[in-house]
Each structure stands twice: as structure tokens, then as C-alpha cells.
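The structure appears right after this line, and notes come after that.
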Amino acid sequence: MEKRVITLLDIDYVTDNIPVIRLFGKDQDKKPVIALDRSFRPYIYAVPSHLDPCLDELRELGFEKLEVVNKKDLGRPIEVIKIVLKHPQEVPRIREKVKNLEHVQEIREHDIPFYRRYLIDNDLFPMSKIELKGHKIASSPLVASSDVEIIELDEPPRTIKSRFPELEILAFDIEVYNPHGMPNPERDEIIMISLYNGREERIISTEGRHLDFVELVEDEKEILEKFAETIKNSRPALLVGYNSDNFDFPYIRKRADLLGVKLDLGWDGSAIKSIRRGFATATTIRGTIHIDLYPVMRRYINLDTYTLERVYLELFGEKKVELPGDQLWEYWDNKTLRDELFEYSLGDVLATYKIAEKILPLNMEITRIVGQPLFDMTRMATGQQVEWFLIRKAFEYDELVPNKPSPSELQRRRTQRVVGGYVKEPEKGLHENIVQFDFRSLYPSIIISKNISPDTLTYDFEEECYVAPESGYKFKKKPRGFVPSIIGQILDERIKIKNRMKAAEDPMEKRILDVQQEALKRLANTMYGVYGYTRFRWYSVECAEAITAWGRKYIKKTIKEAEKFGFHTVYADTDGFYATYQKK
DNA sequence: ATCACGCGGGG
DNA sequence: GTGTACGCGTGAT
């Protein structure tokens, strides 16, 4: 048996009679490692209406392992039956059977993807270091590539407290010959693929032999082969594109298909795969984390358009070389213009790299807090990120995770409207000597101080409660609610990090801590909004309503108080206001 | 007023 | 894949 430490990058499972979890990571020397864990099994919970008859019913179905466990359901103690199954793929079938049993009230935690369950139950965090205990094997039918080290685990890994991992980014961008408007991969060929890894810029193309950054090849097929070779040789931790989920990768795939090029870029030798995620498609490369910066930027900043050019300008205040997209083919055909096309492509890949370098640290921190893969985190709405964070916390607190809303419940929720923050329309005119007031983390503070949580909401008369303005919703003072205690943890942790940041002398250390506190701040601030997010498992219109009502009360009260001192409010919104001061 | 539809980014 | 996830503006009805 040997011990190894890797940075956990990616995770999935495959089937070898039983489900086998595969952990993809890199060791200290940046060498790729795949660890196999055969010990984990899926499970769901059944909430019995009557315990013993329910157990009998379940035993009749022939489950190998049934276990009565004590959990909490929104704070209330509850006995549930844990049903351990053989394979994740039997869950959908089994859960229908179990759900319809006479003595089963409902089933819970039946829709948690297997790899996510594994990360949560074993307290593992992607983008963190983990210690592997197992033995190296020469080859495995579950890994069809020869350059990656394979380890059979003897037990699940454990997380090691570690510094932020070093970024190892490869950015890429393709250009296409498109004389008929928007490119069509059935017809229009790829003319170049640009790559940048922070040190070396490279364009794989059939032209441009006089340019030192061009790697000249014979034809399009060879462009794709060289691209595949580059990725397989370096096995980068992060491969980054801009709109690459919807454009570059589907295009590359189609062209590779037509030309007979194998895109077996996965560490296990698997082909790249497009996975449908509702309305969107994402491309996965097993092991390497493919990140499309477009959806990341949409969540990160608020702009009216999210072109690479616009985003780059916003982040760096610099213009990027732009060419008219519908005329790129003319730049390719015209020898005197062609170099401009190469420069443009290089500009795009450099911009992509720089954006990644700037905003990925935050996403990596969020990954390290939420504990789900970076690939998923960069494609999740913030409400979903919070939800997965809470699902992990629920496991820690022995809380049963609420089910996702049914379609009818979703529809009902959509009709509910929550009144927002107080807004005083700005007074017209130019105001001088403006004073700004604002609350620090108003909503998170209200959630904590008023203990606002679905598990503290009560309609009983005798309990000691905080009573919300307007609606009169009541929240028990004790015990501390699930969500308030977690926001409390986040804010406490943030204060600790801020203090360490102040004490830190190394500027690198300071930067890392700053990103960590920023991630925690974002998470805390999102917590309020999710109560009103219709798909949220802990959705509560009452909580959302109460938070904004208290918010309105406090801002109005503060404005009134300020006016007593001679301030005149010219504009207010939610958690702050601007005022002029009349006296000297 | 209600609903179906299509768009975003990419070349 | 323990699936099948946005949110908004527009034009037609």
C-alpha cells in the first residue's frame, strides 16, 4: 500500500459489475493520476408512515441493506429508512416502486447524482488536495490510456488542508472559413486553432509559414490531429474557451467526425462528449476541466452584451483587435490581409487566457467551498451553487434534503411575488456634497439576527418568536435555524480570513485570502435571494417576504433618523441611501 | 392579456 | 445519467 497526494480535478463513475468511482487529479509533479474506488454504493431514504410495516414491505422487495436512521426534517427529528442499492442506474426504477408502497409517505435524496453524493459523504472537495491510500496498478479495463497512473484505492481518500492550487490553463480558439455567413460545420473548414498556455502562443494552421508562432501543417485533418496531440501530451488541468460549449467544441467535433479524426482527449482515453444540460450543451473531457468562460462571465458581471471584446474591455480597459466576423474568409483568401487574421486569432486566445487567469481563482474558491466539480460550478446558476452547498451542510447536520419541486409546485411558486427592497425615486437635479449611507450585508444580517429559516418559521402561538413587519410571519428564536447558522459560519469564516489578510505580509498570500473572502461574501449575499428562487429546495416565500420587510423597515427608520440630524435623502435603494446635508 | 418562440455567444 | 436545468423580449392571436 502506498500513499499519494493529488489535487482533485474531476470525478465520475463507470461500471465494472459494480459502480466504480474514478477520481482524476494531478500529483506534485503535475503528473495525471486516476484513482478507482469500488467501495461506494448509492442509497435513498424512505420516510415511513409506520416504521415496522414499512420495513416489512421493503424487505419483501428484497433489498440487501436497509437501515433505520435518525435524521431531522426541517429541524424535526424523524426516523427514516436508508435503502442501499447496487447501482445508480437502478435508482429511477426502484424509487418509483418504493414511492408507491402503502407505508411509504415519501422518498428523499433520490436525485443526487452519484459522484456528488460521493464527494459529500466522503467530505472531499475538488480543487483541493486529497490523500490516496491504495496500490498502483499497471493497467485497468476502466482506463484505456497508457500515460496515466492508475491507483486502486483501499479506502476513500481524505481531504488535506492545502493552499490554493497553481493554475495550469490552456486557452484555445478556432477560426473558420465562412464565405456564406455563419459558419456551417458540414461545409466550412477550420483554418486555424490558436493555443496559449501563459508562456507560449501557438497557431496550428495550413498557412502563415513566415510567422514564428505558426505550426505549419498540411491540411485541416492535421490541424485537428495536432490539436488533439497537444492536449493529450500536456493533459492540462484547465482547458478554456469562449463560447466553446456552443461553438468551438461542437464545431471541432463535427469536423473531426467528417475527416475521421479521433478526439480521444480524456485521460482515460475516452472521446470528448457533449452533454445536454436542459437547454444548454456542455463539452466534457474526462480529467481535463473544460471551462467555457461565456456562462461564467454572464454571472460574474452585469453587462448588456457579453462578447469577448466587451468582456475584455470591461476587465482590462483595453480594446482587442477586431475583425468583421462575416468577412474573415476574405482575410484568409487575401494574402496581404492574412496576417491580420492570425493577429486577430492570437488576440482572441490571449484575451481568453487573461480573462481566465483573472476570474477563475474566484470560481476555484467557490468550488472549494461548495465542494462540487469546477466544471459543474462554472455552469451552475448561483442559486444552484448555494443549493449544493446547503445539501453538503445538510449531510453534516443530519438534515434530510428537501425534494426538488414538482412541475405543479413549480408553477404555483412562479405565481408568488415577493415585494423587494424600499426604493425612493431619485430627486431630479445635480446634488452636491452627497453623503452615502449603507448597511453592511443587510440581508444576511437580518437572516441571522431574526433567525429566518424554513425550519424556524412557525404558526404556533406560545413560542418565543421574532415577528416580521407587515406579514406578521413568526420565526422561533431557538434553536438556531439551518440557514442562519450556515450564513453565520460563512460570515465568521470571512472575518477570520479578513484578519489573516490584514496580518499577511506576502502579497501573493494577501491576494489568495482576498479571493477567499470575496467568495464567502458572494455566497452569503446569494443566500437571501435563493429563498425566492422557484427551483430552490429550501424555497420559502415567507422567509423571502420577511427578509425584505425587515429590510424596508430598517432603511426607512435610518432615513428618518438621519433626517433628524439635518440630512435630506435624495435617493434610496434597498440597503443604502444618498443624502445632502443642509447645515454647514 | 396570454402564449409560443427564439435568442444569447461563436465565425 | 440517482438525467432532461434560463429569463426575457417580441410578435401573433
Side-chain angles (χ1 to χ4, degrees), chain A residues 12-15 19 40-45 83-96 98-99 107-118 120 172-185 187-193 241-252 255 273 275-282 284 292-299 303-311 322-332 341 344-345 348 352 376 379-385 387-388 391 401 403-405 407 410 414 533-537:
Chain A
D12 74 349
Y13 84 87
V14 286
T15 304
F40 197 60
R41 296 290 176 274
Y43 61 86
I44 63 172
Y45 293 114
I83 306 170
V84 181
L85 303 168
K86 290 195 187 75
H87 197 282
Q89 276 168 358
E90 65 178 342
V91 173
R93 195 168 39 82
I94 300 285
R95 75 178 162 207
E96 288 312 307
V98 173
K99 195 164 69 181
I107 49 168
R108 299 289 278 274
E109 307 201 13
H110 52 80
D111 54 2
I112 316 262
F114 193 54
Y115 68 93
R116 294 197 177 167
R117 183 89 266 178
Y118 182 86
I120 293 167
F172 81 109
D173 183 38
I174 69 170
E175 307 302 331
V176 166
Y177 187 73
N178 62 326
H180 311 286
M182 268 318 282
N184 174 356
R187 171 189 67 204
D188 303 328
E189 63 175 333
I190 294 170
I191 50 180
M192 58 182 82
I193 297 182
Y242 200 86
N243 202 26
S244 41
D245 269 344
N246 285 305
F247 184 74
D248 301 65
F249 264 126
Y251 209 100
I252 287 173
R255 294 305 294 174
K273 219 158 101 186
I275 53 167
R276 294 202 62 80
R277 302 189 145 212
F279 63 99
T281 312
T284 58
D292 181 354
L293 288 177
Y294 169 64
V296 178
M297 294 318 296
R298 288 195 65 148
R299 261 178 293 116
L303 300 172
D304 48 9
T305 178
Y306 292 88
T307 60
L308 179 58
E309 181 195 19
R310 181 68 188 87
V311 166
E322 277 302 297
L323 292 183
D326 53 354
Q327 285 163 36
L328 292 186
W329 63 281
E330 292 180 54
Y331 283 78
W332 179 252
L341 182 57
Y344 161 78
S345 189
D348 273 9
T352 304
D376 296 354
R379 289 165 178 84
M380 258 184 207
T382 47
Q384 292 278 315
Q385 295 177 350
E387 183 163 289
W388 283 102
I391 290 173
V401 175
N403 287 335
K404 277 195 267 193
L410 204 60
R414 277 195 231 274
Y533 168 50
T534 50
R535 293 182 187 279
F536 190 46
R537 292 175 191 249

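So that the names make sense, note that chain A is the first sequence line, chain B the second, and so on, each numbered from 1.
- Counting any heavy atom pair closer than 4.0 Å across all strands shown, A/Tyr118 reaches no nucleic acid atom.
- Here B/dG11 is the nucleotide among C/dA5, B/dG9, B/dG11 with the atom lying nearest to any side-chain atom of A/Glu175.
- A/Phe536 has its CZ atom 18 Å from the P atom of C/dA5, to the nearest Å.
- A/Arg535 contributes no side-chain N or O that, together with a main-chain N or O of A/Pro405, makes up a donor-acceptor pair within less than 3.5 Å.
- At the heavy-atom level, A/Asn246 lies nowhere under 4.0 Å from the strands shown.
- The separation of C/dC6 from B/dG9, taken at their C1' atoms, amounts to 15 Å, rounded to a whole angstrom.
- Contact of the A/Leu293 side chain with the A/Val311 side chain is not registered, since no non-hydrogen atoms from C-beta on lie closer than 4.5 Å.
- Looking at the side chain of A/Thr307, the nearest of the listed nucleotides B/dG10, C/dT2, C/dG1 is B/dG10.
- We find that CG of A/Asp376 is positioned 9 Å from P of C/dG1, with the value rounded to whole Å.
- The shortest side-chain heavy-atom distance between A/His110 and A/Asn403 falls under the 4.5 Å cut-off.
- Residue-level contact check: A/Lys404 touches the backbone only, with heavy atoms under 4.0 Å from sugar-phosphate atoms and none from bases.
- Per the geometry, CZ belonging to A/Arg187 stands 17 Å off P belonging to B/dG11, to the nearest Å.
- Using a cut-off of 4.0 Å between Lys/Arg side-chain N and Asp/Glu carboxylate O, A/Lys273 and A/Asp12 are scored as not salt-bridged.
- Stacking between A/Phe114 and the base of C/dT2 is absent under the criterion of ring centres within 5.5 Å and planes under 30 degrees.
- One can place CG of A/Asn403 at 16 Å from P of C/dT2, the figure rounded to the nearest angstrom.
- Across all strands, A/Tyr306 comes closer than 4.0 Å only to sugar-phosphate atoms, never to a base (heavy-atom distances).
- The side chain of A/Asn243 sits closest to B/dG10 out of C/dG1, B/dG10, B/dG11.
- When heavy atoms are screened at a 4.0 angstrom cut-off, A/Phe249 is found touching no nucleic acid atom at all.
- Rounded to whole angstrom, the span from the CZ atom of A/Phe279 across to the C1' atom of C/dT4 amounts to 12 Å.
- A/Tyr115 places its OH atom 11 Å from the P atom of C/dG3, with the value rounded to the nearest Å.
- Proximity of A/Ile44 to A/Glu109: side-chain heavy atoms (C-beta onward) are nowhere separated by under 4.5 Å.
- Nucleic acid contact class of A/Leu308 (heavy atoms, under 4.0 Å, all strands): sugar-phosphate only.
- If you take NE2 of A/His110 and C1' of C/dT2, they are 9 Å apart, rounded to a whole angstrom.
- Counting non-hydrogen atoms under 4.0 angstrom, A/Asp173 reaches the backbone sugars and phosphates but no base.
- Spacing between atom CD of A/Glu90 and atom P of C/dG1 amounts to 18 Å, rounded to whole angstrom units.
- If you check every strand for non-hydrogen atoms under 4.0 Å, A/Arg116 touches nothing.
- The residue A/Ile174 sits close only to the backbone: its heavy atoms come under 4.0 Å of sugar-phosphate atoms, none of a base.
- Base contact: A/Tyr43 has a heavy atom under 4.0 Å from a base atom.
- Distances were taken from every side-chain heavy atom of A/Ile275 (C-beta onward) to each of C/dG1, B/dG11, C/dT2; the shortest belongs to C/dG1.
- At a threshold of 4.0 angstrom between heavy atoms, the contacts of A/Glu109 include nucleobase atoms, whether or not backbone atoms are also involved.
- Note on A/Ser244: nothing from the nucleic acid sits closer than 4.0 angstrom, heavy atoms only.
- Residue contacts for A/Asp12: at a heavy-atom cut-off of 4.0 Å it reaches no nucleic acid atom on any strand shown.
- For an aromatic pair to be called close, the ring centres must be under 6.0 Å apart, and A/Tyr306 with A/Tyr242 fails this.
- Rounded to the nearest Å, the gap between the C1' atom of C/dG1 and that of C/dA5 is 14 Å.
- If you check every strand for non-hydrogen atoms under 4.0 Å, A/Ile112 touches a base.
- Of all nucleotides listed (B/dG11, C/dT2, B/dG10), C/dT2 comes nearest to the side chain of A/Pro42.
- The backbone N or O of A/Asp348 sits less than 3.5 Å from a side-chain atom of A/Thr352, completing a donor-acceptor pair.
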